[in-house]
*Asks:* 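Quick one: the structure is below, and I'll ask about it shortly.
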Amino acid sequence: MTLEEIKLYAEESGAEISDVPLPDMDAFCFPEGWIAIDRSRMETPAREKVVTTHELGHINTGSFYSVITKCDIKEKHEYRADKWAAHKLMPFSEIQEALRSGVRNDWEMAEFFGVTEKFVARAMDIYQREGLLAWT
């Protein structure tokens with residue numbers, strides 16, 4: 001999915017995305033479907049796409065926590081949001097297609113999907129945990 005497709009998905013699902021200057025973070029969201037993203041902190045369109053989709057993952061999975069939540073609980077909510085984003089931005093069937101076409105490392109996979117290399121590593125970890133993929 002492209003960044004524009006993600007924004008359209010958000011709009012169609014009732015989520016509102018606002019550009020908001022944030023001093024200490026890239027983005028955050030509320031269960032009611034509002035995403036605040038500091039676009040000045042987005043170095044590339046790929047980064048904005050990943051951050052936006054991750055926040056949509058929080059909304060679509062109901063994975064929210066407060067700042068005083070224990071670290072292990074926070075990690076579970078972040079994992080759910082990342083997993084949702086991975087399945088949205090890098091569907092397993094398309095990963096298989098990329099591998100068949102010769103994509104072999106993180107930077108090639110990032111280019112293929114239009115995401116960051118860091119997100120590729122996270123998505124591959126998620127698919128490994130699901131038992132679908134062995135990735136090094």
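Predicted, not measured: the structure shown is a model, and the values here were computed from it.
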*Asks:* Roughly how far, to the nearest 0.5 Å, is NE2 of H58 from NE2 of H54?
*Replies:*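 It comes to 3.0 Å.
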
*Asks:* If Ile, Leu, Val, Met, Phe, Trp and Tyr residues are connected whenever their side-chain heavy atoms lie under 4.5 Å apart, and connections chain through other members, are M42 and F28 in the same group?
*Replies:*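 Per the 4.5 Å side-chain linkage, M42 and F28 are not co-clustered.
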
*Asks:* How would you list all residue pairs meeting ring-ring contact (aromatic ring centres under 6.0 Å, His included) that involve residues 80-105, not counting sequence neighbours?
*Replies:*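 For residues 80-105: Y9-W84, H87-Y127, F92-Y127.
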
*Asks:* Are L56 and V20 in one and the same hydrophobic cluster, where Ile, Leu, Val, Met, Phe, Trp and Tyr link if side-chain heavy atoms are under 4.5 Å apart?
*Replies:* no

*Asks:* Kindly determine whether R104 and L99 satisfy side-chain contact (heavy atoms from CB on, under 4.5 Å), including the steps that lead there.
*Replies:* CA-CA 6 Å; R104 291 290 180 257; L99 293 170; 3.8 Å; yes

*Asks:* Determine whether F64 and C29 satisfy the following criterion, side-chain contact (heavy atoms from CB on, under 4.5 Å), listing intermediate values before the conclusion.
*Replies:* CA-CA 9 Å; F64 295 94; C29 62; 3.5 Å; yes

*Asks:* Please determine which of R122, K88, K118 meets the salt bridge (Lys or Arg N to Asp or Glu O under 4.0 Å) test together with D82.
*Replies:* R122

*Asks:* Measure from the side-chain N and O atoms of T52 to the backbone N and O of K49, and report whether any donor-acceptor pair falls under 3.5 Å.
*Replies:* no

*Asks:* Hey, any chance L89 and L132 share a hydrophobic cluster, counting ILVMFWY side chains that come within less than 4.5 Å of each other, even indirectly?
*Replies:* yes

*Asks:* Would you mind telling me which of E108, E111, M109 makes a side-chain contact (heavy atoms from CB on, under 4.5 Å) with V120?
*Replies:*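 So, applying the side-chain contact (heavy atoms from CB on, under 4.5 Å) to V120 and each of E108, E111, M109, only M109 qualifies.
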
*Asks:* For a side-chain contact (heavy atoms from CB on, under 4.5 Å) check, start with the C-alpha distance between R129 and K83, then their side-chain angles and the critical distance, and finish with the verdict.
*Replies:* CA-CA 10 Å; R129 289 180 187 210; K83 182 177 176 180; over 6 Å; no

*Asks:* Which value, rounded to the nearest 0.5 Å, describes the distance between I37 atom CD1 and L22 atom CG?
*Replies:* 9.0 Å

*Asks:* Using modelled atom types only, decide if a donor and an acceptor are shared between the side chain of R47 and the backbone of T116 within a distance under 3.5 Å.
*Replies:* no

*Asks:* Following the transitive rule for hydrophobic clusters with a side-chain heavy-atom cut-off under 4.5 Å over Ile, Leu, Val, Met, Phe, Trp and Tyr, establish whether L3 and M1 coincide in one cluster.
*Replies:* no

*Asks:* To the closest 0.5 Å, what do you measure between CD1 (I35) and CD1 (I59)?
*Replies:* 4.0 Å

*Asks:* Should the ring pair W34 and F30 be called parallel, tilted or perpendicular, given that the plane angle runs from 0 to 90° and is split at 30 and 60?
*Replies:* parallel

*Asks:* Could you state the interatomic distance from CG (L8) to OG1 (T2), rounded to the nearest 0.5 Å?
*Replies:* 9.0 Å

*Asks:* Search all heavy atoms of F113 against all heavy atoms of P91 and return the closest pair with its distance.
*Replies:*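 Reported closest heavy-atom pair: CE2-CD, 4.4 Å.
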
*Asks:* Return the NZ to OH distance between K76 and Y65, rounded to the nearest 0.5 Å.
*Replies:*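 Output value for this atom pair is 14.5 Å.
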
*Asks:* Assess whether a salt bridge exists between E48 and K7, defined as any Lys/Arg side-chain N lying under 4.0 Å from an Asp/Glu carboxylate O.
*Replies:* yes

*Asks:* To the nearest 0.5 Å, what is the distance between CD on E55 and CD1 on I17?
*Replies:* 10.0 Å

*Asks:* Tell me, yes or no, whether the heavy-atom count around E5 atom CD, taken from other residues, nucleotides or ligands under 6.0 Å, exceeds 12.
*Replies:*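 More than 12 within 6.0 Å, yes.
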
*Asks:* Taking the side chain from S13 and the backbone from A10, do they hold a donor-acceptor pair closer than 3.5 Å?
*Replies:*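 Side chain of S13 to backbone of A10, a donor-acceptor pair under 3.5 Å: yes, one is there.
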
*Asks:* What are the two closest non-hydrogen atoms of F112 and S101, and how far apart are they?
*Replies:*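 Closest heavy-atom pair between F112 and S101: CE1-OG, 4.2 Å.
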
*Asks:* Do I126 and M90 land in one hydrophobic cluster if side-chain heavy atoms of ILVMFWY residues count as linked below 4.5 Å?
*Replies:*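 Each belongs to a different hydrophobic cluster.
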
